[in-house]
Amino acid sequence: MRAVAAPSADRQPVRAATAAFVGTTIEWYDFYIYATAAALVFGKVFFPTADPFVSTMASFGTFAAGFLARPIGGIIFGHYGDRVGRKNALMTTLVIMGVATVGIGLLPSYETAGLWAPALLLLLRLAQGLAVGGEWGGAVLMAGEHASQRRKTFAASFAQLGSPAGLILSLLAFRLLTTLEEADFVSWGWRVPFLISAVLLLVGYFIRRGVNESPDFAKVLARQERAEVPAKEVLRTAWRTVLLCMGVCTVAIGGIYFTNTFMLSYTTQTLGLSRTLILDCLFVVAIIQFLVQPLAAWLADVIGPTRVLITAAMCSVIAPYPMFMLVTQGTAFSIIAGIAIVLVFMAAIYAAMAGYISSAFATHIRYSGISLSYQLCGAVAGGMTPLIGTWLIYHYPGQWLPLAIFYSVLSLITLISIWALAGHKRRIASTLSTSSI
């Protein structure tokens with residue numbers, strides 16, 4: 001039997017970046033179709049009540065539960081990735097996500113199964129959260145650790161590029177279903193995007209099999225530098241770094257669910273716009289994000305990630321005000337232009353932050369460190385953003401200013417954290433330099 005040739009080492013950086021992109025695209029497609037369904041249909045299918053506000057809040061509650069599971073996934077797969085290897089952890093997260101997503105597409109409704117339906121939905125949503133919690137850090141490291149030193153930010157951004165790509169696929173899937181009658185969409189149409197995930201799972205699995213283990217992790221193995229309990233060491237030696245990295249990620253994580261998940265609910269329920277119109281607009285904006293991110297990552301490698309991040313965060317503070325002025329006009333052009341104003345700066349932060357926060361942690365605890373930072377932030381900023389937005393609409397009906405202020409606060413947290421993390425990294429570098437003399 002003829003042996004299969006090992007993948008060429010020269011091609012591994014490209015393979016690793018491609019695998020990170022494809023894998024995270026699939027993972028985020030699965031995550032975003034849940035977000036879209038939570039905004040459009042899950043309240044009716046799994047939480048039917050006489051009050052649409054209560055149904056929507058219950059639906060977004062299960063959405064938030066997935067974020068609460070993400071830090072746990074970060075700890076579990078961070079430990080696995082720092083102890084056993086990046087590649088094995090990523091293969092496992094991909095399978096868990098695919099199985100959970102297909103399972104959601106097969107669930108019975110509340111009308112058919114009663115309380116079992118929302119209970120099973122919550123269970124599978126938690127499985128999604130665990131998978132995404134382990135996926136992001138591993139994908140970033142597999143791409144970044146295979147790259148040369150001067151291309152690490154750009155390479156790591158390929159894992160980030162999976163987010164807008166997954167969003168584009170999820171929006172396209174739901175857009176194709178908007179031609180269905182409302183009754184058909186609620187009864188079976190929404191299930192189709194979830195079931196398609198089975199095909200994507202197979203594609204992603206075979207692509208990832210062709211990537212070697214991270215060379216940085218191979219050095220950790222050779223030097224026998226593995227931490228016994230990586231998460232424990234992170235919290236003991238780098239808890240300040242974790243907090244600062246959480247802050248850096250705040251508007252990038254919270255912002256994407258503000259402009260997509262929450263904006264779906266806001267435009268259709270508060271402004272009374274059609275579901276088809278807003279899905280079309282978000283589709284165009286997602287393409288803009290897909291184009292902006294690699295440019296921002298390239299620029300970060302050229303002039304430095306700190307400059308790109310601080311500039312984008314400063315602009316993000318003021319961006320939501322023109323966004324709402326335009327979105328409330330209710331035309332396709334105004335909605336696209338308004339959301340794009342916010343998204344361009346958010347995309348720049350999202351593209352550059354992966355490599356930026358990765359460099360803040362030592363290699364032997366890096367998977368656990370960036371996973372904890374990103375996923376803890378996701379649990380707070382990502383999971384709570386749609387809920388806070390819905391609460392603000394309920395208590396300040398007809399007013400968009402509280403929503404804009406909320407977004408500005410997210411941006412300020414990121415701006416302050418970038419500045420503080422830059423100083424923190426300089427102090428650590430100075431200490432290491434002094435101790436080596």
Side-chain angles (χ1 to χ4, degrees), residues 25-48 52 55-56 58-60 62-63 66 97-113 117-118 120-121 124-125 128 162-204 256-257 259-290 330 332 335-336 339 386:
T25 296
I26 296 167
E27 295 262 2
W28 285 115
Y29 165 81
D30 290 349
F31 213 71
Y32 283 137
I33 57 174
Y34 191 101
T36 305
L40 295 178
V41 73
F42 277 177
K44 301 173 185 176
V45 175
F46 296 104
F47 307 98
S55 295
T56 301
S59 178
F60 280 150
T62 63
F63 175 73
M97 175 61 90
V99 171
T101 303
V102 173
I104 291 171
L106 297 172
L107 282 179
S109 66
Y110 182 89
E111 184 180 356
T112 302
L120 290 171
L121 176 69
L124 292 173
R125 176 60 178 170
Q128 278 193 326
S163 177
L167 178 59
I168 289 169
L169 290 179
S170 69
L171 290 171
L172 183 61
F174 274 97
R175 176 62 182 86
L176 294 174
L177 294 169
T178 56
T179 56
L180 294 174
E181 295 291 333
E182 179 70 14
D184 290 334
F185 179 73
V186 172
S187 64
W188 63 267
W190 67 268
R191 300 177 185 274
V192 175
F194 288 85
L195 300 178
I196 290 174
S197 183
V199 178
L200 299 178
L201 168 63
L202 292 175
V203 172
I256 194 64
Y257 295 103
T259 57
N260 289 282
T261 306
F262 168 71
M263 195 60 72
L264 264 174
S265 176
Y266 174 73
T267 52
T268 56
Q269 296 184 23
T270 302
L271 300 183
L273 303 178
S274 74
R275 183 174 62 203
T276 301
L277 172 64
I278 188 59
L279 285 173
D280 285 346
C281 292
L282 290 176
F283 180 77
V284 174
V285 171
I287 293 174
I288 295 172
Q289 181 185 358
F290 186 83
I335 294 170
I336 292 170
I339 298 177

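Side-chain atoms are counted along with the backbone in the values below, which use heavy atoms only and exclude waters and symmetry mates. The residues of the chain are indexed from 1 along the displayed sequence.
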Is the shortest heavy-atom distance from the side chain of [X] to the side chain of [Y] under 4.5 Å?
X      : Y      : value
Phe283 : Phe174 : no
Thr259 : Ile339 : yes
Trp28  : Pro164 : no
Leu277 : Ile335 : yes
Phe194 : Leu124 : no
Ile26  : Met97  : no
Trp190 : Leu180 : no

Gap separating the [atom1] atom of [X] from the [atom2] atom of [Y], nearest 0.5 angstrom:
X      : Y      : atom1 : atom2 : value
Thr101 : Arg125 : OG1   : CZ    : 9.0 Å
Ile287 : Leu282 : CD1   : CG    : 11.5 Å
Tyr29  : Leu201 : OH    : CG    : 12.5 Å
Leu271 : Ile278 : CG    : CD1   : 8.5 Å
Ser109 : Lys44  : OG    : NZ    : 14.0 Å
Ser55  : Phe47  : OG    : CZ    : 9.0 Å

Heavy-atom pair of closest approach, residues [X] and [Y]:
X      : Y      : value
Ile33  : Pro193 : CD1-O, 3.6 Å
Arg191 : Leu106 : NH1-C, 3.7 Å
Phe46  : Pro108 : CE2-O, 3.3 Å
Ser170 : Tyr32  : OG-CB, 3.5 Å
Ser197 : Asp30  : OG-OD1, 2.7 Å
Asp184 : Ser187 : O-OG, 3.2 Å

query: Is there a donor-acceptor contact under 3.5 Å linking the side chains of Thr62 and Tyr34?
result: yes

field: Enclosure of Glu111 CD (heavy-atom neighbours >12, cutoff 6.0 Å)
entry: no

